[in-house]
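Inspection log for the structure reproduced underneath, given as structure tokens.
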Amino acid sequence: MSSNVYHFDVLVIGAGHAGTEAALAAARVGAKTALLTTNLDTVGQMSCNPAIGGVGKGQIVREIDALGGAMGQAIDATGIQFRMLNLRKGAAMHGPRAQADKRAYQAEIKRLVEEQENLSLRQEGVEDLLTEPAAKASHAQSPLAEGPVVRMTGVRVRGGAEYRAAAVVLTTGTFLQALMHTGEAKTAGGRAGEGTTSGVSQSLQTLGIRLERFKTGTPPRLNGRTIDYSACEIQPGDEQPQPFSFLTERITQAQVPCYITHTTAASHELIRANLHRAPMYSGQIETSGPRYCPSIEDKIVRFAEKNQHQLYLEPEGRNTLEVYVNGVSTSLPRDVQDALFRMIPGCEHAQIMRYGYAVEYDYAPPEQLRATLETKQIDGLYFAGQINGTTGYEEAGGQGLIAGTNAALKVANREPLVLGREQAYLGVLVDDLVTRGVDEPYRMFTSRAEYRLLLRQDNADRRLTPLAEQLGLVDSRRAEKLRAKQAEILRLTTLLDATRYEGLSLAERMRRPEVDWPAVVQMAPPDTARELAEAGPAAVEQVVNDIKYAGYIARQNFEVERQQRLASKPIPAEFDYGRLVHLRHEAREKLLRIRPRDLAQASRISGITPADISLLMAHLKASR
Ligand code: FAD
């Protein structure tokens with residue numbers, strides 16, 4: 001037994017995007033939390049693209065922020081270029097995105113972690129998970145008939161010290177049994193210049209957790225001094241940059257431009273001629289990678305008819321000349337990567353500072369989790385981030401926040417936090433993972449959400465901050481700010497309803513597509529017009545969207561209610577699917593594997609038909 005034993009309520013392993021949000025959330029909820037990570041200099045490190053947000057992902061960052069998380073504040077403080085994507089489309093499709101100063105972002109996340117009360121950040125490499133036999137079905141709503149058989153007691157770190165806690169959140173990212181590939185060269189490690197984690201994979205497998213392999217890739221980084229930007233197209237940021245955090249009034253720092261160039265027919269030829277040396281095509285890597293974020297070798301093969309692909313030259317920070325080449329993720333050998341840039345306009349003389357590579361790693365198929373992100377097999381063990389088969393900082397951060405909150409709520413014997421698909425993209429993300437599993441690295445798209453108009457990036461605070469306040473996830477400053485905004489929304493809505501112009505109320509006028517806020521202000525009598533003109537832009541945005549989309553929102557709410565009726569029909573954890581003699585074999589197998597908590601979740605399992613649900617519903621009624 002080790003003499004160095006430390007006691008906490010919650011342990012979080014790995015200080016990437018999932019781990020930092022998990023630890024911060026657990027500590028905010030009041031748990032005495034330790035965040036253990038292999039290297040304190042890589043806290044919050046961006047392994048790939050130095051950017052936060054985008055369509056679908058930006059919405060998640062706004063939700064993390066509405067729940068009191070760090071990501072939005074950190075990018076507001078350290079962003080070097082802000083753009084609202086999809087502005088020409090409707091409000092549900094708007095997605096904020098920002099380039100980050102990579103080092104400054106990391107430092108900001110680390111500072112927020114260091115400043116958090118109840119939270120200890122420690123440099124430790126975890127090698128083993130510690131468990132003990134669990135009292136039968138300690139979890140009130142265990143989806144396993146027999147309940148978990150073991151429960152977490154802590155972890156052992158390199159050197160033998162032990163950390164004890166009843167809840168552990170594992171967020172080890174791409175580091176489990178990781179193997180990097182550049183051409184024929186293979187190196188053990190989860191990120192260039194770093195090692196791998198093997199003890200944890202073995203511990204998990206011993207505990208009965210199933211692991212599989214995924215891969216992802218990253219592009220080369222160039223020295224900006226050697227790029228000829230005059231041969232590229234400039235891409236500036238928005239003139240009025242929009243902050244991510246509901247706490248940030250405005251973005252004041254100067255923005256830097258990005259540049260656009262493209263691949264050429266000659267570069268495609270070069271790649272085609274060297275495909276046999278690309279690990280994915282030579283058979284060296286057989287696992288799946290993200291389909292929507294393909295490597296350049298993938299793009300050349302899949303879109304053979306295209307003779308050019310856009311490349312974005314994105315600065316990695318204000319105090320470095322390193323440039324991330326977005327669009328050319330590759331694991332081709334070094335000599336091919338060097339030759340490739342000789343054929344790219346503006347990059348003919350560019351020096352590669354870091355070569356692109358692919359990484360293969362273990363992940364745990366997420367249908368092994370409950371909707372709280374706790375594993376079904378091991379009481380008190382939670383997973384968040386890339387370990388769940390997802391990809392992206394935002395997806396990782398969001399899961400971290402949910403898992404960390406639930407770990408803290410569990411040790412305090414409080415009700416868990418489970419967000420619905422109608423409440424948040426985070427609800428969609430977690431439900432997709434635990435109900436449908438993944439067959440390729442999962443990233444968020446707006447198309448995954450059926451209630452997109454309810455889940456806009458602009459209303460994340462209205463949707464989530466009141467709940468976060470009840471849980472203790474947000475401080476009074478944030479809650480007060482929302483209350484003031486809600487009051488202003490109510491005041492403006494009442495004013496628009498009560499003020500008439502040529503027989504119609506201003507609210508009715510606003511419903512027309514061609515009528516915008518300035519037009520409504522002009523229609524109002526002078527006193528009201530002054531009041532409307534002076535209203536805060538955040539409240540105005542809500543009033544306008546509430547009125548313009550009222551019809552669609554009502555329709556989506558109707559559908560939500562229908563789903564909630566199904567969700568109000570729980571399926572007992574010990575339900576015996578063997579009794580449903582007419583149930584198809586495939587349906588029974590899936591229901592047994594997922595053990596859905598209610599009929600709504602059952603209906604979302606892929607391959608479960610309305611007929612299966614009717615059968616299940618009839619049996620549940622009969623057995624009541
Ligand atoms: P990470 O950010 O990987 O953090 C894991 C943390 O755990 C690290 O700090 C690590 O040091 C620590 N750790 C690991 N093992 C231990 C241990 N045993 N003990 C203590 N600490 C430990 N995402 C995209 O959206 N698009 C892309 O194109 C893309 N490309 C990528 C390319 C590469 C090469 C890599 C490595 C990642 C890429 N990603 C991409 C994924 C993105 O980086 C991750 O989704 C995101 O970082 C996941 O966050 P995380 O917190 O789960 O893990």
Side-chain angles (χ1 to χ4, degrees), residues 11-23 34-54 56-57 60 71 106 109-110 121-129 155-158 163 168-182 189-204 214-220 289-290 292-295 324 326-331 354-363 383-401 403 441-444:
L11 301 176
V12 178
I13 316 306
H17 307 276
T20 48
E21 292 293 355
L35 175 55
L36 311 180
T37 197
T38 23
N39 184 350
L40 287 189
D41 296 327
T42 61
V43 172
Q45 178 152 322
M46 298 171 146
S47 313
C48 192
N49 194 347
I52 292 287
K57 288 167 174 271
I60 292 183
M71 197 172 259
Q106 227 185 298
I109 290 282
K110 182 162 179 255
L121 174 64
R122 306 259 197 132
Q123 182 161 302
E124 301 280 16
V126 170
E127 295 200 317
D128 204 0
L129 305 178
V155 299
R156 185 175 301 111
V157 299
R158 211 165 291 154
Y163 284 77
V168 174
V169 186
L170 201 55
T171 69
T172 43
T174 49
F175 287 81
L176 295 186
Q177 311 261 41
L179 189 61
M180 294 182 290
H181 301 254
T182 300
R191 189 160 54 196
E194 296 181 50
T196 181
T197 291
S198 56
V200 174
S201 285
Q202 279 147 23
S203 293
L204 290 173
F214 269 161
K215 74 135 211 295
T216 187
T218 196
Y292 42 81
C293 190
S295 64
Y324 176 93
N326 196 339
V328 69
S329 166
T330 185
S331 59
R354 305 185 204 221
Y355 286 92
Y357 62 95
V359 58
E360 275 186 290
Y361 53 92
D362 287 348
Y363 76 97
F383 290 164
Q386 196 103 0
I387 190 173
N388 286 339
T390 62
T391 169
Y393 314 134
E394 304 78 0
E395 290 83 348
Q399 290 170 67
L401 193 148
Y442 178 105
R443 71 153 283 187
M444 185 46 76

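Both counts, for ligands and for their atoms, begin at 1 and track the order of listing. In this chain, residues are counted from 1 in sequence order.
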Separation between CZ (Arg191) and OG1 (Thr218), nearest 0.5 Å, reads 10.5 Å

Report the member of [options] with the shortest heavy-atom distance to [atom].
{"atom": "atom 36 (C) of ligand 1", "options": "Cys48, Pro219, Gly190", "value": "Gly190"}
{"atom": "atom 35 (C) of ligand 1", "options": "Gly189, Gly385, Ser47", "value": "Ser47"}
{"atom": "atom 21 (N) of ligand 1", "options": "Thr171, Val126, Thr174, Thr38", "value": "Thr38"}
{"atom": "atom 49 (O) of ligand 1", "options": "Ala396, Gly44, Gly400", "value": "Ala396"}
{"atom": "atom 45 (O) of ligand 1", "options": "Gln45, Gln386, Glu194, Arg191", "value": "Gln386"}

According to ring pair (Phe, Tyr, Trp, His ring centres under 6.0 Å), who are the partners of Tyr357, at least two apart in sequence or on a separate chain?
none

Kindly list each side-chain donor-acceptor pair under 3.5 angstrom involving residues 383-399, sequence neighbours excluded, with atom names and distances?
{"unit_1": "Gln386", "atom_1": "NE2", "unit_2": "Tyr361", "atom_2": "OH", "d": "2.9"}
{"unit_1": "Asn388", "atom_1": "ND2", "unit_2": "Phe383", "atom_2": "O", "d": "3.1"}
{"unit_1": "Asn388", "atom_1": "ND2", "unit_2": "Gln399", "atom_2": "OE1", "d": "2.8"}
{"unit_1": "Thr390", "atom_1": "OG1", "unit_2": "Gly385", "atom_2": "O", "d": "3.1"}
{"unit_1": "Thr390", "atom_1": "OG1", "unit_2": "Gln399", "atom_2": "NE2", "d": "3.0"}
{"unit_1": "Tyr393", "atom_1": "OH", "unit_2": "Ser47", "atom_2": "N", "d": "3.4"}
{"unit_1": "Tyr393", "atom_1": "OH", "unit_2": "Cys48", "atom_2": "N", "d": "2.8"}
{"unit_1": "Tyr393", "atom_1": "OH", "unit_2": "Asn49", "atom_2": "N", "d": "3.1"}
{"unit_1": "Tyr393", "atom_1": "OH", "unit_2": "Asn49", "atom_2": "O", "d": "2.9"}
{"unit_1": "Glu394", "atom_1": "OE1", "unit_2": "Lys57", "atom_2": "NZ", "d": "3.2"}
{"unit_1": "Glu394", "atom_1": "OE2", "unit_2": "Gly53", "atom_2": "N", "d": "2.8"}
{"unit_1": "Glu395", "atom_1": "OE1", "unit_2": "Lys57", "atom_2": "NZ", "d": "3.1"}
{"unit_1": "Glu395", "atom_1": "OE2", "unit_2": "Lys57", "atom_2": "NZ", "d": "3.4"}
{"unit_1": "Glu395", "atom_1": "OE2", "unit_2": "Met444", "atom_2": "N", "d": "2.8"}
{"unit_1": "Gln399", "atom_1": "OE1", "unit_2": "Gly385", "atom_2": "N", "d": "3.0"}
{"unit_1": "Gln399", "atom_1": "NE2", "unit_2": "Glu395", "atom_2": "O", "d": "3.1"}

Please could you name the atoms of ligand 1 that Lys57 approaches to less than 4.0 Å, counting only its heavy atoms?
25 (O)

Which atoms of ligand 1 have any heavy atom of Thr197 under 4.0 Å away?
14 (C), 15 (N), 16 (C), 17 (C), 18 (N)

Report the nearest protein non-hydrogen atom to [atom]: residue, atom name, distance rounded to 0.1 Å.
{"atom": "atom 20 (C) of ligand 1", "result": "Glu124 O, 3.4 Å"}
{"atom": "atom 2 (O) of ligand 1", "result": "His17 CD2, 3.6 Å"}
{"atom": "atom 28 (O) of ligand 1", "result": "Cys293 SG, 3.3 Å"}
{"atom": "atom 12 (C) of ligand 1", "result": "Gly14 CA, 3.5 Å"}

side-chain contact (heavy atoms from CB on, under 4.5 Å) for Gln106 and Gln45? Distances and angles first, verdict last.
CA-CA 6 Å; Gln106 227 185 298; Gln45 178 152 322; 3.7 Å; yes

